[in-house]
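None of these values were measured; they are calculated from a predicted model.
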Amino acid sequence: MPEGHTIHRLSRDLMRAFGRRPVLASTLQDRFAAGAAQLNGSTLTRTDAHGKHLFLFFRAARPVDRLVHIHLGLYGKFPIASAPPPEPGGALRLRLQNQDNWADLRGPTACELITPEQRDTILARLGPDPLRPDADPAPAWARISRSKMPIGALLMSQDVLSGIGNVYRAEVLFRAGIDPHRPGREVDHDEWMGMWDDLCTLLRSGVRAGRIVTTRPEDRPRRGRPRREDSFYVYRRTGEPCRICGTEIRTETMATRNLFWCPTCQAT
DNA sequence: GCTAAATGTTGAT
DNA sequence: TCAACCTTTAGCT
């Protein structure tokens with residue numbers, strides 16, 4: 001689930017479900033017992049997403065304000081649903097609950113109480129996030145245009161730009177017709193701005209739909225309901241024919257993840 | 001019932 | 001380059 005679109009959607013939905021009123025917080029794990037106890041009964045005042053990082057602001061009845069940092073990592077989940085909640089079970093890191101809604105956080109890489117200063121430190125390490133209205137692509141271009149690293153690795157670097165994961169990197173490079181192995185310094189400015197604009201569009205659409213779909217309508221079967229297996233051009237389609245040219249989709253490891261690309265459509 | 005894989009990141013070698 | 005961490009699920013036997 002978790003690329004930037006998931007986190008921004010979660011930020012919005014958590015605020016809708018729990019914002020501006022006291023929330024019950026609980027956990028089944030010792031490691032977050034103290035944290036959940038501190039949050040319990042406090043009011044969720046603001047939620048904020050930067051790239052794949054989610055911040056929840058709580059106002060406690062008394063002393064200090066609370067700030068929770070959540071990173072879902074590779075397989076974290078935080079589903080929200082209407083009351084009544086099921087009996088808590090499994091590896092439940094954090095349950096938020098009020099009269100109307102509940103949400104269970106499982107498997108996150110990070111779920112911790114932090115200070116505003118620690119949040120600043122995290123934000124300082126992140127490149128521009130295409131989902132933030134104020135995002136400026138210039139600093140990312142400054143990095144890319146000077147780098148020998150392959151563009152397929154640069155797009156995954158959260159300190160170059162943030163919120164992009166393995167699906168969006170593979171798909172945006174396919175849509176741009178760019179070989180993932182090409183060094184960043186050999187990408188021209190128009191190509192970069194084309195990818196940036198495309199990422200803005202694709203991520204926004206991902207937030208809206210709650211899932212990633214990167215195939216253009218004309219490249220999907222037109223009849224019947226949209227199918228999951230028609231959502232991507234190359235991601236997880238190793239050995240299958242390219243939707244455009246029929247060449248077998250290839251895979252290899254790049255930036256510690258499986259990279260997928262079409263050697264014909266993305267020849268240079 | 002077991003294993004591998006997954007839309008991620010960090011830190012050691 | 002590799003291992004570690006977090007958890008669930010799909011695909012085997």
Atom [atom1] of [X] to atom [atom2] of [N]: distance rounded to whole Å?
X      : N     : atom1 : atom2 : value
A/M254 : B/dG8 : CE    : P     : 15 Å
A/L74  : C/dA3 : CG    : P     : 17 Å
A/L10  : B/dT7 : CG    : P     : 19 Å
A/F232 : B/dT7 : CZ    : C1'   : 8 Å
A/Q29  : C/dC5 : CD    : P     : 15 Å
A/L155 : B/dG8 : CG    : P     : 13 Å
A/R211 : B/dT7 : CZ    : C1'   : 14 Å
A/L72  : B/dT7 : CG    : C1'   : 10 Å

Contacts to DNA chain B from residues 166-182 of chain A, heavy-atom cutoff under 4.0 Å, which residues?
->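 A/N166, A/V167, in order of number.
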Is the side chain of [X] donor-acceptor paired with the backbone N or O of [Y] at a distance under 3.5 Å, no angle test?
X      : Y      : answer
A/R204 : A/R208 : no
A/E171 : A/Y235 : yes
A/R9   : A/V207 : yes
A/R146 : A/A142 : yes

Expressed in whole Å, how much space separates the [atom1] atoms belonging to [N] and [M]?
N      : M      : atom1 : answer
C/dA4  : B/dA4  : P     : 15 Å
C/dC5  : B/dT13 : P     : 14 Å
C/dT1  : B/dT7  : C1'   : 23 Å
C/dT13 : B/dA5  : P     : 15 Å

For nucleotides 9-13 of chain B, list the nitrogen or oxygen atoms of the protein found under 3.5 Å from its nitrogen or oxygen atoms, one pair per line.
residue: B/dT9; atom: OP2; partner: A/K52; partner atom: NZ; Å: 3.2

Could you list the residues that satisfy ring pair (Phe, Tyr, Trp, His ring centres under 6.0 Å) with A/H8, not counting sequence neighbours?
->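 Per chain and number, A/H8 pairs via ring pair (Phe, Tyr, Trp, His ring centres under 6.0 Å) with no residue.
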Going by atom types alone, do A/T215 and A/R220 pair a side-chain donor with an acceptor below 3.5 Å?
->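 A pair is found: one side chain offers a donor N or O, the other an acceptor, under 3.5 Å apart.
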Among side-chain atoms of A/H69 and A/R119, is any donor-acceptor pair under 3.5 angstrom?
->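 Distance-only check fails for A/H69 and A/R119.
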Decide if atom CD of A/E229 counts as having more than 12 heavy atoms of other residues, nucleotides or ligands within a radius under 6.0 Å.
->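 Correct, the count exceeds 12.
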Whether over 12 other heavy atoms sit under 6.0 Å from A/D30 CG =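 For A/D30, atom CG is not crowded (no more than 12 foreign heavy atoms under 6.0 Å).
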Side-chain atoms of residues 16-26 of chain A: list all donor-acceptor pairs with protein atoms under 3.5 Å, sequence neighbours left out, distances to 0.1 Å.
residue: A/R21; atom: NH1; partner: A/D100; partner atom: OD2; Å: 3.1
residue: A/R21; atom: NH2; partner: A/A17; partner atom: O; Å: 3.4
residue: A/R21; atom: NH2; partner: A/D100; partner atom: OD2; Å: 3.3

Might you list the N or O atoms of the protein lying below 3.5 Å from N or O atoms in nucleotides 8-11 of chain C, with each pair's distance?
residue: C/dT8; atom: OP1; partner: A/R106; partner atom: NH1; Å: 3.3

Using links of under 4.5 Å between side-chain heavy atoms of ILVMFWY residues, direct or through other members, which residues join A/I122 in one cluster?
->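 ILVMFWY cluster around A/I122 also holds A/F55, A/F57, A/L67, A/I114, A/L123, A/L126.
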Could you pull out the closest heavy-atom pair between A/G73 and A/T109, with the gap in Å?
->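 Taking every non-hydrogen atom into account, CA-OG1, 3.2 Å.
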